[in-house]
Amino acid sequence: MRLVFMGTPDIARKCLQRLVEDGHEIAGVYTKPDTPKNRGMKMEASEVKQYALSVGLPVYQPTRWKSEQTYQTLKALQPELIVVVAYGRILPQRVLDIAPRGAINLHASLLPQLRGAGPVQWAVLRGLETTGATVMYLSAEMDAGDMIDRVETPIGPDETYGELLERLGDLGAELLSGTVRRMEAGPVEAVPQDASQATYAPMLTKELSPIDWSQSPQQIHNHVRGMVPWPVATTVLEGKKLKIFRVGLTDLHTDKAPGTPVAVTKQGLQMACGQGEVVTILELQAEGGKRMRAADYLRGHPITIA
RNA sequence: CGCGGGGUAGAGCAGUUCGGUAGCUCGUCGGGCUCAUAACCCGGAGGUCAUGUGGUUCAAAUCCCAUCCCCGCAA
């Protein structure tokens with residue numbers, strides 16, 4: 001089938017790659033414009049763009065979807081179907097109407113749960129035990145279109161956002177591949193979402209990084225793994241800002257105030273949380289330093305236990 | 001030229017300001033103690049101090065120059 005693909009990060013790349021391997025005719029690939037990133041502020045192309053170029057697909061990076069020229073350019077590609085995966089842009093309704101078979105989207109949650117830009121992160125942050133991916137039609141309202149296909153998957157008790165995203169990317173690409181095949185064969189059924197059950201998952205920001213030590217160990221654990229690999233949970237210890245990559249639950253108790261170091265062990269650093277419970281910081285990174293086991297960090301940066 | 005931290009033993013760090021015998025904590029190996037141990041005691045091995053076999057010097061981890069690599073902020 002002749003289609004236009006729109007997407008930006010790696011999960012989108014996986015989907016595009018799968019569609020290419022399925023033998024579909026990709027008339028064009030849309031992705032966000034290159035942005036200055038990383039140390040040195042070098043311009044960096046999205047994963048989707050890098051892949052598209054490597055297989056010789058035409059890449060488009062419009063900045064204004066409202067412009068007539070952008071609209072006409074897409075229309076001229078004459079896609080039968082538009083496939084959108086984590087594109088990062090809101091598309092005007094008339095753009096969604098260009099393709100005869102419509103515009104579909106892969107969303108990494110079990111809609112109507114977790115609509116928004118950060119469904120995978122919030123699935124972990126909220127401590128859900130199950131999530132998944134949904135293929136639906138795009139609609140004017142964010143992630144509210146009629147659903148075509150879905151796949152479920154359990155979330156591991158220690159799984160991080162990054163790990164889950166990786167898995168959902170593979171599952172999602174597989175799911176999407178099947179949907180497009182079926183659409184190619186003929187009309188498909190779509191069921192409306194129950195809007196009353198909708199929850200929302202906004203994009204994470206670094207403002208969410210600081211750990212609230214008054215929470216329970218399980219909540220802190222969810223917070224930490226939901227923030228890896230970005231933006232990563234943080235805390236300040238002895239005046240130093242630390243990124244916290246991994247914590248472990250304990251059955252211990254303490255009468256120390258939340259956020260106070262309780263003890264240093266072979267495993268790492270035990271910290272007091274809410275209700276006198278204790279979690280162990282297992283893996284961390286200091287500014288300018290590498291990510292390392294907490295026990296290693298403490299060897300060179302001994303802390304005093306009050 | 002966006003700002004900044006760093007590369008010293010297998011790991012994490014100190015030492016660099018003011019050049020002068022390579023240190024700490026841990027791991028590892030051997031021995032001891034112990035009912036036992038991740039605990040404790042004694043002893044040993046292990047480093048061309050990122051690179052240039054660069055410059056200055058009687059002498060460089062330390063000062064100067066160049067290069068490579070890692071990381072934080074910011075996006």
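Each chain gets a letter, A, B and so on, in the order its sequence line appears, and its residues count up from 1. Here the structure is a predicted model, which means the values were calculated and not measured.
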J.: Using whole Å, what does the distance between atom P of nucleotide B:G72 and atom CG of A:L284 come to?
T.: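 Distance check: A:L284 CG to B:G72 P gives 13 Å.
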J.: Please report the distance, rounded to the nearest Å, between CE in A:M292 and P in B:C70.
T.: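 Taking CE of A:M292 and P of B:C70, I get 16 Å after rounding.
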J.: Could you tell me whether a side-chain N or O of A:N105 sits under 3.5 Å from a main-chain N or O of A:V84, the two making a donor and an acceptor?
T.: yes
J.: Give one of base, sugar-phosphate or nothing for A:K243, where a contact means two heavy atoms less than 4.0 Å apart.
T.: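 If one applies the 4.0 Å heavy-atom cut-off, A:K243 turns out to touch the sugar-phosphate alone, with no base involved.
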J.: Whether the side chain of A:Q197 engages the backbone of A:D194 through a donor-acceptor N/O pair (distance < 3.5 Å, no angle test) should be reported.
T.: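 A pair under 3.5 Å: no.
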J.: Atom CD of A:E287 to atom P of B:G5: distance rounded to whole Å?
T.: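 It is 12 Å, rounded to the nearest whole Å.
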J.: Given atom OH of A:Y297 and atom P of B:G12, what is their separation to the nearest angstrom?
T.: 13 Å
J.: What interatomic distance, in whole Å, is found between C1' of B:U37 and the corresponding atom of B:A50?
T.: 40 Å
J.: Taking atom P of B:A74 as reference, at what distance in whole Å does atom CD of A:E207 sit?
T.: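 Between P of B:A74 and CD of A:E207: 11 Å.
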J.: State which of B:G72, B:G27, B:A75 makes the closest approach to the side chain of A:Q285.
T.: B:G72
J.: Among the candidates B:U25, B:A75, B:C13, find the nucleotide nearest to the side-chain atoms of A:K206.
T.: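 My answer, after comparing the listed nucleotides, is B:A75.
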J.: Expressed as a whole number of angstroms, how long is the span from A:L242:CG to B:C13:P?
T.: 12 Å
J.: Can you tell me the distance, in whole Å, between the CZ atom of A:R291 and the P atom of B:G6?
T.: 23 Å
